[in-house]
Structures are given as structure tokens and as C-alpha cells.
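Lettering of chains follows the sequences in order, A, B, ..., and the numbering in each one begins at 1.
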Protein chains: 2
Amino acid sequence: MTAMTRARPLVIDSHRDSNVCLTCGARAFSVCHVIDTADLDKLAAAAVSVSVQPGHTFIQEGDPAEHFFNVTAGTAKLYKLLPDGRRQVTGFAGMGYFLGLAVSSSYAFSAEALEPVKICRFSRAKLRGLLDDFPALEKKLLEVASNELVVAQEQMLLLGRKTARERLASFLIARANLVPHCPGRGGVNVAERIHLPMTRSDIADYLGLTIETVSRTLSKFRAEKLIEIPNNAEIVLLKHDAVEDIATGMV
Amino acid sequence: MTAMTRARPLVIDSHRDSNVCLTCGARAFSVCHVIDTADLDKLAAAAVSVSVQPGHTFIQEGDPAEHFFNVTAGTAKLYKLLPDGRRQVTGFAGMGYFLGLAVSSSYAFSAEALEPVKICRFSRAKLRGLLDDFPALEKKLLEVASNELVVAQEQMLLLGRKTARERLASFLIARANLVPHCPGRGGVNVAERIHLPMTRSDIADYLGLTIETVSRTLSKFRAEKLIEIPNNAEIVLLKHDAVEDIATGMV
DNA sequence: TGCGAGGGTTGATCTGGGTCAAGGTGCCGC
DNA sequence: GCGGCACCTTGACCCAGATCAACCCTCGCA
């Protein structure tokens, strides 16, 4: 299970101008938004912008944890492996996600880009400096970590006690709540389009199931007219509330 | 599944003297140790000492999160419930454990004392004041939260991908590493005595198994001479390394 | 225009751990 | 000392989801 690095997996974007944070579309969704507009140049000076190609692993579990990351575009999967290759996806990191909170000396998980991903990279030292300059950033990180913890506990409940049907329903609801897809979400049974940048295999490894069970369960939901599957990367939630009831174990 | 509160479940200890933190045995294991000895009176002023009887639930999932807690003695189980009563124990909080990091307005889990438990209780407002007075405390909390996150990810791997045998082995190893039991832990196959304040049912709910599977698997380990079970609350690890290999999926 | 590879689906069968059931074991109060 | 209760163990059987296997679909490329 050795690292397979390919040619030009990471591209360090060269534009180190001080406006990079000011114009960053992820700012509103990210820890950076606690930093005052006037101070954004200091933030920009500490960050290195990096592009990652789909399929490339930019964090390797066990490697020395030299950097922290902030995802500004795209989605990555975070995962842990057992020696024989069994995989557990612990989460999906989208725009605004802060990576590397594990304080220990080495990364506790690997991260692989699912789509073209852009990240802001900070060295440990630079981040330490930022935290000293901006106490609000430290508070924000604690808040983020606490919320992560709540999500992790919810996932433990899912992995330890929910049925395959409940797991898939929970996953769909969580994905639907992810981004308030523009307008039109006032009604009860409004159709919602869910984007899935990951494969069935990633979903299976996230939910503690096999790819076949994921596929079968989604087909079942479709047969029950709970969802539509226009293509592999998209699912339309036809009956949000019914699926939510399944997710919470109320059915 | 409604809350069953009994008579005098919580006892607020009256000694509000300023030495309570100075003489606290849990200080060395807890977030408090980042606070200078000279400032301990300020900490003591913010805290209320509470005793909890075994079996009493002192945090109820969903209740407004008005307090933060620090366990100073005993062990509590933390758990989440599904509407039909399925339970997932998300962790065991022993001496030094900081509880309530979930920043949201209501608790994300319940907490129930397994043994007589002593806790320091802080109101949200008081803790906020402490964090403003002692920035080191905030840093420490971030560190604690980050480590919790690593543990949670490890538990997701266990719940999603490990066999019953691997789960029990992981649990025993984690428990053995918990407190460096005094001396005598230099050798490789040194017997280790593990204390288990929780029932088989709690272990099952922690590992995503049933009580029967926990019992059977432990009996199997005993038959294989990996462990001894002198009584229900104690297990002796006869072959630490062999059990560790099972835990990591290397067997 | 065909073909190969990487997903995804579906069916048949198997099995690890769940469920159901019947004791066993300690411990506490009387 | 003994009855009752809470917890634990063990056995027999079952089933949700894993495994094994066949096939499909789409897309890039020669």
C-alpha cells in the first residue's frame, strides 16, 4: 500500500498577489471570514494556492503533518485504510472545509481529490502565526472542530446502528442540506437535485456498506418513487420528508 | 423513551473554597493544567462541583446546552439514541475528560454515570469569560477537540469496516493504553489488568454489536489464551501484541 | 466503428453476527 | 441461608447484507 505519485499531481498556482483572499469565492463559507477585510493581505501572504487533479492524493495518512489546508473549490474524500485495503471514508471535504485539525505530528487520514480541487495551504508555523495575530481565528477553529465532532458522532450512530436503507437515506438528506440550492425550497415536497461527485464505491466506503448494497438500495428508493436517478452523479429527491423519516429511523 | 429522573440524582457539593482546583487530582489530566497555579482561584470561582450517582443521566441529548463539564472522578458513558431505542455509545468519559464541546445550542448526546462521578460544571457565560481571560485555555480546548476528532475517525473505521473480533481487540487495546497502570510495562507480553466500569451491553453499544456477540467473542479470546476474565469488571491482557495485531486487522 | 476500461446494476448464494431462548452466576436485602 | 434481580453466557436458528458472478452503459480513443 505504497504511495503512487504521478506526474505533476500538484500544481502550485503562482499568483501570490494580496487580493487572492479578497476575491476568494470560498471566503464566505470558510474560517477566513472571521478575518477583517483590511487584514486579508496578511492571510494571503501566509497561504499558498494549490490545484489538485482528480484522483490525486494530496494528504497521505501517516505522513508528517506539515501543512493545514482550506478547500476553496471542488470536493475531496477523506479516508483511512486497514492493512488489507479495507477503506473507511470518514468524510467529504467541499468548499470552505478546513483540513488538518488533527494536531498530532502525522496525518490521521488521507485526502484524495474527486473533482479538480483548489486548496489554500498553510505551513504549521504560518498558521501558528496567524492564530497569534487573529484570536478570532482560533475561536472559529474551535467552533469548526466542535461541529465536526457532532457530525462524527452522528456518523458513529449511522455506522453502528442504522440499516442500509437508513444509511442511504441519511446520506441523501445530508447531501441535500449541504448547499441551500438557490431558491425554491419553501414547500414540503419540493424536488431537490443532489450532486454526487463521488462514485458508488466511495459512498459504500463512507456508509460502511458494499457497492452492491448501495446500488440495490438506491434502485429500491427509485422503485418506491422516493428519488429519481437522472445520471450517476445526480439524484433528485422527490419526497424529502419521507426520506428524512427513513433516515431518522422513524419508518 | 422519556427521561426518568429519580430523587436527588445530582448533588451540588457545597465547598466553594478557592483551593478546590489546587487540590484537584484530575488537574494533571485535564484542560485546567494550562492555567497557572496563581490563577486557580479564578477557575475555582467559575466552577461548581457536582456529584452524580451511577445510572443517572446528567446530560440529556437535545436539551439546551447551558453547561460545560469536566470529569474529575469516575466514568460516564456518552450516547445517542434512535427513536426506537437503538443506542450508540460514542465514548466513555473518564477523569480529565472535557464535555460539551458541541457548540450548538443543544447537546448532541446524553451522558450517564457508570460509577459515582464527580464533575466540575461551568455555565456557558462563565466558560466564555475564562476563555477570554486565559487564551491558553482556548488553545488547549482546540487541541483536545482535534484529538477527539482523530479518535472519532478511528472509531468510524472500526464501526464501518472491522469484524467483531477486531472491534473487541481494538477496545481492549484502547482500554489498556488508557492509564499507564503504575510501573511494570516495559516488556512485550507483560500481563495488563484492564478495568471495565461499563456493562457488556455498554460495550456492545459502543462497538456496534450485540451483547451476545461481545460475550461470545471474549469467551473465544479466553479459549485462545489471549485474555483472562477474573470477573465481569476486569480483563487481563495475556498477549498484548497478539491482541494488537488482531485490532489493526493484521491477522 | 469498434473496442476496451471503468463505472454501475442485478441476480444467486453464502455467512457473520443478530435474534430467540434457556440457563448460569454473583450479589444484596431480609 | 435463600429468594430475587441484574447481568452474563451459551446454544440453535435466522436474515440483512456480503460475496460471487454475469452483464450493461458510456465514453475516450484508435
Spacing between Arg86(B) atom CZ and dG18(C) atom C1', to the nearest angstrom: 13 Å

For the student: nearest non-hydrogen atoms of Pro197(A) and Leu114(A), plus distance: O-CB, 3.9 Å

Test applied, salt bridge (charged side-chain N to carboxylate O under 4.0 Å, His left out); reference residue, Asp205(B); option that passes from Arg86(B), Arg167(B), Arg87(B): Arg87(B)

Whole angstrom value for the distance that separates C1' of dA16(D) from NZ of Lys220(A): 10 Å

Rounded interatomic separation in angstrom, taking CG from Leu209(B) and P from dG17(D): 15 Å

Rounded distance in Å - CZ (Arg161(B)) to P (dG17(C)): 13 Å

Polar side-chain atom of Lys162(B) near backbone of Ala247(B) as donor-acceptor pair, under 3.5 Å: yes

Ring geometry between Phe69(B) and Phe58(B) (parallel below 30°, tilted from 30 to 60°, perpendicular above 60°): perpendicular

Passing candidate, side chain to side chain contact (heavy atoms under 4.5 Å, CB included) with Leu172(B), options Ile227(B), Ile203(B), Leu226(B): Ile227(B)

d(CG, Asn231(A); C1', dC27(D)) in whole Å: 14 Å

Any Thr210(A) side-chain nitrogen or oxygen under 4.0 Å from OP1 or OP2 of dG17(D): no

Whole angstrom value for the distance that separates P of dA18(D) from CG of Leu207(A): 11 Å

Whole-Å distance separating the CG atom of Leu196(A) from the C1' atom of dG7(C): 14 Å

Summary of protein contacts for nucleotides 4-11 of chain D, nucleotide by nucleotide, where a base hit scores B, a sugar-phosphate-only hit scores S (4.0 Å, heavy atoms): ----SBBB

Nearest-0.5 Å distance, CD of residue Gln155(B) to CD of residue Gln153(A): 11.0 Å

